[in-house]
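Inspection log for the structure reproduced underneath, given as structure tokens.
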Amino acid sequence: MSTSPSPTTAAQLDARYPVLAELSAPARAQLLRSAQWMRVPAGAMLFDDRQACEGFPFVVEGSVRVSKCAPNGRELPLYRVGPGETCIISSSCLLGHEDYNARGVTEADTELMLLPKPVFDAMLGERAFRDFVFHLFAERIADLMQLIEEVAFRKLDQRLAALLLGKGRTIHTTHQHLADELGSVREIVSRLLKGLAEQGLVRLGREQIEILDATGLRRLAADGSAKPG
């Protein structure tokens, strides 16, 4: 962890987060003086359930996956935080003075700037920063409402079909990774994939899935049937 970024990284920060240029000169100087810089390898846990929230993250490079974890080890991915975005869980914990209620893990080598809580509180006095935080809140809430709708009202085979689409003809992945993405378990996903293969929609290989009938998958994702109605 460091307190001073390289000139290149500082330029990337401004490009990713234009709101920083809208801050008053004293506020921007306070932010940059107090910020902590971190380079984190892929697969590192940034925060976990019931941990205290130490600050507000700005992702310059990489990606952080935020998930809700059950006691039995199952996870439900909530959203990802990439460059130019930030974490609604972190901001809500800071605003509500609460501990984390989810887990954040880096998906790639990640560089981020962490704004300590006292400075985050001070920055909320800046209208541009406050608008930025609440705009992101609104976007993430909309994403989470869509996720709730997916989980509550769409069958798992429909969600699996939707997940497979848009990744190219050949998808290099594991059944466990797909299960993690869907908040399910590997055995169920494997059974559903076998069913898709029997319908001629996909061909299964070792850690790869070949899409044979994208139209059928889209139909399944939309209305639960791979065949024309």
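Positions are given from 1 along the sequence.
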| task | Determine, using the 4.5 Å side-chain heavy-atom cutoff (strictly less than), whether L192 and L204 are members of one ILVMFWY cluster. | result | yes
| query | Are any of the side-chain nitrogens in R80 or E107 under 4.0 Å away from the carboxylate oxygens of its partner? | reply | yes
| query | Can you find a pair of side-chain heavy atoms, one from L13 and one from L32, that are under 4.5 Å apart? | reply | yes
| remark: The side chain to side chain donor-acceptor pair (under 3.5 Å) partner of Q176 among D180, T174, T173 is D180
| Between F58 and F56, how do the two ring planes meet: parallel, tilted or perpendicular, split at 30° and 60°? | perpendicular
| When rounded to the nearest 0.5 angstrom, what is the spacing between CD1 in I211 and CG in D213? | 9.5 Å
| note | In short, A221 meets L165 closest at the heavy-atom pair CB-CD1, 4.4 Å
| query | In Å, rounded to the nearest 0.5 Å, how long is the span from CD of E75 to SG of C69? | reply | 4.0 Å
| By salt bridge (Lys or Arg N to Asp or Glu O under 4.0 Å) - contacts of R218 (at least two apart) | none
| said: Under 4.5 Å between side-chain heavy atoms, counting indirect links through other Ile/Leu/Val/Met/Phe/Trp/Tyr residues: same cluster for I209 and I188 or not? | reply: yes
| message | Apply side chain to side chain contact (heavy atoms under 4.5 Å, CB included) to residues L114 and W37 and explain how you reach the verdict. | response | CA-CA 6 Å; L114 190 68; W37 288 84; over 6 Å; no
| Tell me, which pairs form a side-chain hydrogen bond (donor to acceptor under 3.5 Å, both in side chains) where one or both residues lie in residues 185-194, sequence neighbours left out? | H175-S190
| task | Could you note down all residue pairs passing side-chain hydrogen bond (donor to acceptor under 3.5 Å, both in side chains) where residues 14-24 supplies at least one of them, sequence neighbours left out? | result | D14-R28, S24-E126
| request: Assess whether salt bridge (charged side-chain N to carboxylate O under 4.0 Å, His left out) is satisfied between D223 and R219, documenting all intermediate values. | output: CA-CA 6 Å; D223 58 24; R219 191 178 296 115; 5.6 Å; no
| query | What residues form a side-chain hydrogen bond (donor to acceptor under 3.5 Å, both in side chains) with R206, not counting sequence neighbours? | reply | none
| query | In Å and rounded to the nearest 0.5 Å, what is the OG1 to CZ distance from T106 to R39? | reply | 11.5 Å
| task | I would like to know whether E210 and I171 meet side chain to side chain contact (heavy atoms under 4.5 Å, CB included); could you show each step before the answer? | result | CA-CA 6 Å; E210 183 181 357; I171 305 168; over 6 Å; no
| field | Side-chain ion pair, E54 and K117, N-O less than 4.0 Å | value | no
| R65 side chain near P77 side chain, heavy-atom distance below 4.5 Å | yes
| message | Restricting to non-hydrogen atoms, name the atom on V59 and the atom on G82 that form the minimum distance, rounded to 0.1 Å. | response | CB-O, 3.7 Å
| request: Decide yes or no for S92 and L95: does some side-chain heavy atom of the first lie under 4.5 Å from some side-chain heavy atom of the second? | output: no
| Residue pair V40, E111: steps toward the side chain to side chain contact (heavy atoms under 4.5 Å, CB included) verdict | CA-CA 6 Å; V40 187; E111 184 165 17; over 6 Å; no
| Is there a donor-acceptor pair under 3.5 Å between the side chain of D109 and the backbone N or O of A42? | yes
| task | Spell out, as yes or no, whether a donor-acceptor pair under 3.5 Å connects the side chain of Q208 to the backbone of G205. | result | no
| query | Do V66 and L144 belong to the same hydrophobic cluster, where Ile, Leu, Val, Met, Phe, Trp and Tyr are linked whenever their side-chain heavy atoms lie under 4.5 Å apart, directly or via other members? | reply | yes
| said: Within the 4.5 Å heavy-atom criterion, are I88 and L136 side-chain neighbours or not? | reply: no
| note | What one should report as the nearest heavy-atom pair of V119 and S34 is CG2-CB, 3.4 Å
| query | Applying the 4.5 Å side-chain criterion to the ILVMFWY set and letting contacts propagate, would I141 and F132 be lumped into a single cluster? | reply | yes
| Atom CD1 in I89, atom OG in S67: separation rounded to 0.5 Å? | 10.5 Å
| message | Within the 4.5 Å heavy-atom criterion, are L220 and L196 side-chain neighbours or not? | response | yes
| task | Report yes if the side chains of S184 and L156 come closer than 4.5 Å at any heavy-atom pair, otherwise no. | result | yes
| message | I'd like to check the side-chain hydrogen bond (donor to acceptor under 3.5 Å, both in side chains) partners of D157; sequence neighbours left out, ordered by chain and number. | response | none
| message | What's the separation between atom CG in L178 and atom CG in L160, rounded to the nearest 0.5 Å? | response | 6.5 Å
| query | What are the two closest non-hydrogen atoms of T110 and G62, and how far apart are they? | reply | OG1-CA, 3.7 Å
| request: Please check if the side chain of T86 supplies one atom and the backbone of P57 the other of a donor-acceptor pair under 3.5 Å. | output: yes
| task | With rounding to the nearest 0.5 Å, note down the distance linking CE in M38 to CG in L112. | result | 5.5 Å
| query | Tell me, do L46 and V105 make a side-chain contact under 4.5 Å, heavy atoms counted? | reply | no
| said: Between the side chains of R50 and D99, is the shortest nitrogen-to-carboxylate-oxygen separation below 4.0 Å, so that they form an ion pair? | reply: no
| So do L115 and F129 actually touch side chain to side chain, heavy atoms under 4.5 Å? | yes
| field | Derivation and outcome, side chain to side chain contact (heavy atoms under 4.5 Å, CB included), residues L31 and M123 | value | CA-CA 8 Å; L31 183 149; M123 290 301 107; 4.0 Å; yes
| task | Only counting residues at least two apart or in another chain, list the ones meeting ring-ring contact (aromatic ring centres under 6.0 Å, His included) with F47. | result | Y100
| query | If you count the non-hydrogen atoms of other residues, nucleotides and ligands that lie under 6.0 Å from CZ in R203, is the total more than 12? | reply | no
| said: Any salt bridge linking E181 with K167? Criterion: basic side-chain nitrogen under 4.0 Å from a carboxylate oxygen. | reply: no
